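Inspection log for the structure reproduced underneath, given as structure tokens.
All of these numbers come straight from a predicted model, not from anything done at the bench.
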Amino acid sequence: GSACTAKDAGSGAEKTGRPTLAIDSDGPGRWRIRSWEWRENAWRPRIARATRTGAGIEVSGPIDTADRAKVLARLGA
């Protein structure tokens with residue numbers, strides 16, 4: 001495994017061409033999120049779900065930490 005490091009804007013030159021984070025509506029108050037993980041020298045999709053609850057937006061499933069923050073900001077949590 002590799003150590004977790006902060007993602008600086010200038011680092012990870014080998015990881016260029018990152019696919020776009022996708023948030024698709026999956027019904028009222030529900031979304032399907034496609035995040036991406038760099039693994040085995042390729043971008044691999046990670047599928048998570050978001051649900052609007054009384055407490056805000058709840059994200060479940062595998063998702064990149066930076067993408068999770070974007071999802072919460074975009075869905076207005």
Side-chain angles (χ1 to χ4, degrees):
S2 59
C4 286
T5 55
K7 290 183 176 76
D8 297 315
S11 71
E14 79 283 358
K15 299 181 187 178
T16 53
R18 178 173 204 198
T20 309
L21 169 69
I23 302 173
D24 300 312
S25 178
D26 203 22
R30 295 195 333 231
W31 297 268
R32 179 179 181 272
I33 302 149
R34 190 172 61 242
S35 176
W36 298 90
E37 174 187 38
W38 181 258
R39 190 164 40 86
E40 297 165 14
N41 296 317
W43 286 110
R44 313 280 178 183
R46 307 180 81 189
I47 305 301
R49 306 252 175 218
T51 333
R52 186 176 301 285
T53 67
I57 302 294
E58 190 173 301
V59 179
S60 58
I63 187 169
D64 182 80
T65 307
D67 286 343
R68 181 188 187 93
K70 286 181 202 159
V71 167
L72 294 176
R74 210 177 291 177
L75 296 179

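Of the candidates R49, R34, R32, D26 forms a salt bridge (charged side-chain N to carboxylate O under 4.0 Å, His left out) with just one, namely R49.
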Candidate pair W31 and V71, rule side-chain contact (heavy atoms from CB on, under 4.5 Å), full reasoning: CA-CA 10 Å; W31 297 268; V71 167; over 6 Å; no

Residues R68, V59; criterion side-chain contact (heavy atoms from CB on, under 4.5 Å); working and verdict: CA-CA 8 Å; R68 181 188 187 93; V59 179; 3.7 Å; yes

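With values rounded to the nearest 0.5 angstrom, L72 atom CG is found 7.5 Å from I63 atom CD1. Between R18 atom CZ and D64 atom CG the span is 4.5 Å, to the nearest 0.5 Å.
Nearest heavy atom pair, residue L21 against residue S35, reads CD1-CA, 4.1 Å. The two residues W43 and P19 come nearest to each other via the heavy atoms CG-CD, 3.4 Å. Across every non-hydrogen atom of P62 and I47, the tightest pair is CD-O, 3.3 Å.
The residues R74 and D67 are annotated as not salt-bridged, no charged nitrogen and carboxylate oxygen being separated by less than 4.0 angstrom. Salt-bridge annotation for E37 and R44: absent, with no side-chain N of the basic residue lying under 4.0 Å from a carboxylate O of the acidic one.
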